[in-house]
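Step one of this worksheet: look at the structure below.
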Amino acid sequence: MAVLFTSPISEDRRSFGWRSWPAPLRHVACGGALLALLGAGTLAVYLTGGTTYSYPYLMLVPVLLAAAWYELPGALVVAMAAGLLMAAMPLDVADGTSQAPSNWLIRLGLYLALGAIAGWLFHLLRKSSETREIVARTDPRSGLPNPIALKEDLADWLAASRRHGTSVGLILVRITDITDVLEAMGADASDELVSAISERLSCEVPEVEGIYHFNTAELMLVLSDIAHDELERIARRLAEVGEDNLVVQDVPMRAQLVLGSSLQQARDTQPDDLIHEARIAMFAALEKQRFHCHFSPAFKRRTVQTIKMISQVRRGLEQGEFELHYQPKIRLLDGRVCGCEGLIRWRDGEGGLISPGLFMPKVENTTLIAPLTRFVASEACRFVADDPGSVSINFSVRNLFDEELLHMLQDMVEEHRIAPQRLEIEITESALMQDLGAAKRAIERMRCHGIGVSIDDFGTGFASFNYLRHLPITGLKIDRAFVNGLELDERARKLIACMIDVGHALDLVVTAEGVENAMQRDILRELGCDQAQGFLYAPALPLDRYHEWRRAYAACQGNSFG
């Protein structure tokens with residue numbers, strides 16, 4: 001069973017008004033109020049002539065208040081005090097007539113009975129309220145405190161830190177492989193895994209003062225009176241604990257944890273601020289493929305910029321601000337132009353170009369990549385329909401597994417009545433490795449329709465020669481990182497020679513990108529590279545300038561498309 005942690009504030013910390021006072025002060029105030037009411041009631045009975053009248057019932061007011069404040073024990077004590085005070089009161093003050101014992105005993109019994117009933121009812125009401133609060137603050141599956149409890153308790157820790165001049169830290173722990181457990185063993189196993197990890201963390205990292213089940217795959221850890229250096233040390237320890245073996249339903253497993261942390265920086269820091277910063281840091285760790293990142297304001301600025309950029313991309317698509325530029329590919333054997341690559345460009349409202357590096361990495365992780373790629377594919381097909389040669393375009397991970405887009409690509413080829421061999425799709429190694437089986441099926445579908453498929457940025461990803469022989473691809477594209485400085489680096493030449501040999505052994509067309517000078521071109525030609533692309537020939541050009549460049553190149557070289 002998971003361990004429940006409590007805030008350093010008393011159990012009445014979530015109450016309002018006088019219940020939020022310190023316990024000693026609250027008891028003094030309540031006791032004083034009850035004594036004052038008992039005294040006031042006694043005085044009122046005396047001034048109104050004694051117990052012969054109905055005013056002794058005023059003494060039930062402090063009895064009921066005692067029941068509300070102190071439940072059954074308090075109600076009985078105050079009821080006894082009220083009964084004894086009324087027993088000492090004459091029946092009639094004017095003539096000094098005393099009460100019969102039966103009279104005040106019956107009244108005392110009435111006070112005690114009503115006090116007992118009220119005290120018991122208030123006890124049940126408080127227990128019911130506490131039960132509802134526990135249910136509201138507890139995750140029903142893991143038994144850990146939930147986000148509601150986190151925010152309430154974190155507010156208490158922050159308030160305490162402001163009083164004592166300390167800082168509160170948060171560490172958000174994501175179990176990255178919990179989906180595998182869900183798929184293989186079911187929801188009960190995933191809940192057991194979360195509980196097992198929380199218990200392990202609480203035992204192995206005593207500095208953690210609270211562990212909360214934030215959502216299915218995430219735990220939130222609270223640390224009080226913590227400094228940045230210590231927070232980093234604890235994060236490393238947490239990562240080590242995550243590597244320890246756990247047994248879930250008799251199955252040994254190791255959880256993969258990614259952590260994001262945040263630290264209270266200002267006195268007015270609110271719980272939501274600290275939680276938000278920890279989540280941003282965790283996402284940064286996932287993106288950077290690290291086990292832990294601590295929050296930096298730069299992360300938040302980048303997130304805001306991403307949101308703005310995505311919104312602008314959507315607007316740009318609607319207003320036709322995107323266009324396709326074309327970078328020529330040259331056949332090294334004879335210097336002929338053999339095709340080009342279509343590259344997306346974004347022209348802002350003032351006519352300037354926005355670099356794809358500023359928006360494509362952000363767009364690729366959103367659903368906007370589908371309409372953006374449809375635009376690229378449509379422009380490429382229109383280009384091929386009116387122009388000789390072939391054109392290649394880039395597909396992201398989402399594109400590769402988008403069944404609708406693959407169907408649409410085939411429809412575009414048929415609609416523009418172009419030979420499918422003149423269209424090539426470039427896919428990065430990292431996209432393939434997301435799901436090699438699904439990637440293979442997608443490539444096979446494109447190849448069945450005659451569309452070429454090339455591996456882009458070859459050598460910068462997993463670079464596994466084994467997967468190449470299982471994929472029906474048509475080309476390899478050597479990344480510019482290997483071409484840069486080629487003329488000065490003997491090892492780079494040997495490495496590219498190996499890549500070219502591998503491509504040719506698999507009957508693939510090998511293209512080198514990033515060729516910037518004649519020496520690089522000559523070396524690549526000597527090594528047997530099939531095609532080259534780079535600033536030596538031309539950058540990516542708008543359609544009209546591309547046609548101009550092609551005519552000028554043909555006139556200069558005395559050749560045409562091969």
Side-chain angles (χ1 to χ4, degrees), residues 1-8 137-154 156-157 167-182 185 187-249 251-264 271 274-275 277-279 281-286 290-295:
M1 177 62 66
V3 179
L4 295 179
F5 290 81
T6 58
S7 169
R137 289 167 46 87
T138 304
D139 178 72
R141 297 189 65 91
S142 66
L144 288 167
N146 61 17
I148 295 175
L150 170 65
K151 291 184 179 181
E152 292 177 345
D153 295 347
L154 189 54
D156 296 334
W157 266 300
S167 292
V168 175
L170 273 188
I171 299 180
L172 177 59
V173 178
R174 168 169 284 193
I175 309 168
T176 59
D177 51 355
I178 199 168
T179 303
D180 298 333
V181 178
L182 274 169
M185 303 172 65
D188 290 341
S190 69
D191 295 331
E192 188 175 334
L193 175 62
V194 170
S195 297
I197 291 175
S198 68
E199 290 180 4
R200 180 70 59 84
L201 296 180
S202 66
C203 293
E204 299 292 335
V205 189
E207 296 90 346
V208 174
E209 297 199 40
I211 299 181
Y212 300 80
H213 195 182
F214 198 63
N215 61 33
T216 303
E218 294 176 353
L219 295 169
M220 191 73 81
L221 281 56
V222 181
L223 304 99
S224 66
D225 193 9
I226 195 80
H228 180 268
D229 292 343
E230 192 175 1
L231 194 64
E232 291 282 355
R233 179 187 61 79
I234 292 173
R236 288 193 295 271
R237 177 62 183 139
L238 290 171
E240 294 171 1
V241 172
E243 291 294 319
D244 293 342
N245 284 329
L246 296 167
V247 178
V248 175
Q249 295 184 356
V251 177
M253 61 181 63
R254 298 173 69 183
Q256 300 299 315
L257 306 182
V258 174
L259 285 64
S261 61
S262 59
L263 186 65
Q264 178 187 7
L274 216 53
I275 293 170
E277 290 175 0
R279 178 168 286 279
M282 185 271 294
F283 285 137
L286 285 172
R290 300 178 184 173
F291 78 90
H292 169 241
C293 275
H294 185 71
F295 173 76

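Ser224 is linked by a side-chain hydrogen bond (donor to acceptor under 3.5 Å, both in side chains) to Glu209, counting only residues two or more places apart in sequence or in another chain. In terms of the side chain to side chain contact (heavy atoms under 4.5 Å, CB included) criterion, residue partners of Ala281 (sequence neighbours excluded) are, by chain and number, Phe295. With sequence neighbours excluded, the residues forming a side-chain hydrogen bond (donor to acceptor under 3.5 Å, both in side chains) with Ser261 are His292, His294, listed by chain and number. Taking the side-chain hydrogen bond (donor to acceptor under 3.5 Å, both in side chains) definition, one finds that Glu277 meets it with nothing, sequence neighbours left out. Residues passing the side-chain hydrogen bond (donor to acceptor under 3.5 Å, both in side chains) test with Asp139 are Ser142, His213, sequence neighbours excluded. Remark: Pro271 pairs with Leu154, Ala155, Leu158 by the side chain to side chain contact (heavy atoms under 4.5 Å, CB included) rule, at least two apart or across chains. For Arg236, the salt bridge (Lys or Arg N to Asp or Glu O under 4.0 Å) criterion is met by no residue, not counting sequence neighbours. Looking at residues two or more places apart in sequence or on another chain, you find no salt bridge (Lys or Arg N to Asp or Glu O under 4.0 Å) involving Glu232.
In this structure, CG in Leu223 is found 4.5 Å from CD1 in Ile234, a value given to the nearest 0.5 Å. Between the CD1 atom of Ile211 and the OG atom of Ser202 there is a distance of 5.0 Å, given to the nearest 0.5 Å. The structure places OG1 of Thr138 at 10.5 Å from OH of Tyr212, a figure rounded to the nearest 0.5 Å. The structure places CG of Leu231 at 10.5 Å from CD of Glu207, a figure rounded to the nearest 0.5 Å.
Taking each heavy atom of Ala149 and Pro145 in turn, the nearest pair found is CB-CB, 3.8 Å. Across all non-hydrogen atoms, the minimal contact from Met220 to Leu170 is CG-CD2, 3.8 Å. Counting all heavy atoms, side chain and backbone alike, Ile197 lies closest to Leu257 at CD1-CD2, 4.3 Å. Contact between Val222 and Trp157 at its shortest, heavy atoms only, is CG1-CE3, 3.7 Å. In terms of heavy-atom proximity, Ser262 sits nearest to Leu274 at OG-O, 2.8 Å.
Between the side chain of Ser167 and the backbone N or O of Ala227 there is no donor-acceptor pair closer than 3.5 Å. Using modelled atom types, no side-chain atom of Asp153 and backbone atom of Asp156 make a donor-acceptor pair closer than 3.5 Å. In this structure a side-chain-to-backbone donor-acceptor pair under 3.5 Å is present from Gln264 to Val168.
A 4.5 Å side-chain heavy-atom check between Leu221 and Leu201 finds at least one atom pair inside the cut-off. Counting only heavy atoms from C-beta outward, the side chains of Ile275 and Leu172 never approach each other to under 4.5 Å.
Screening residues 216-228 for salt bridge (charged side-chain N to carboxylate O under 4.0 Å, His left out) gives Arg174-Glu218, Glu218-Arg279 as the qualifying pairs, with residues at least two apart or on separate chains.
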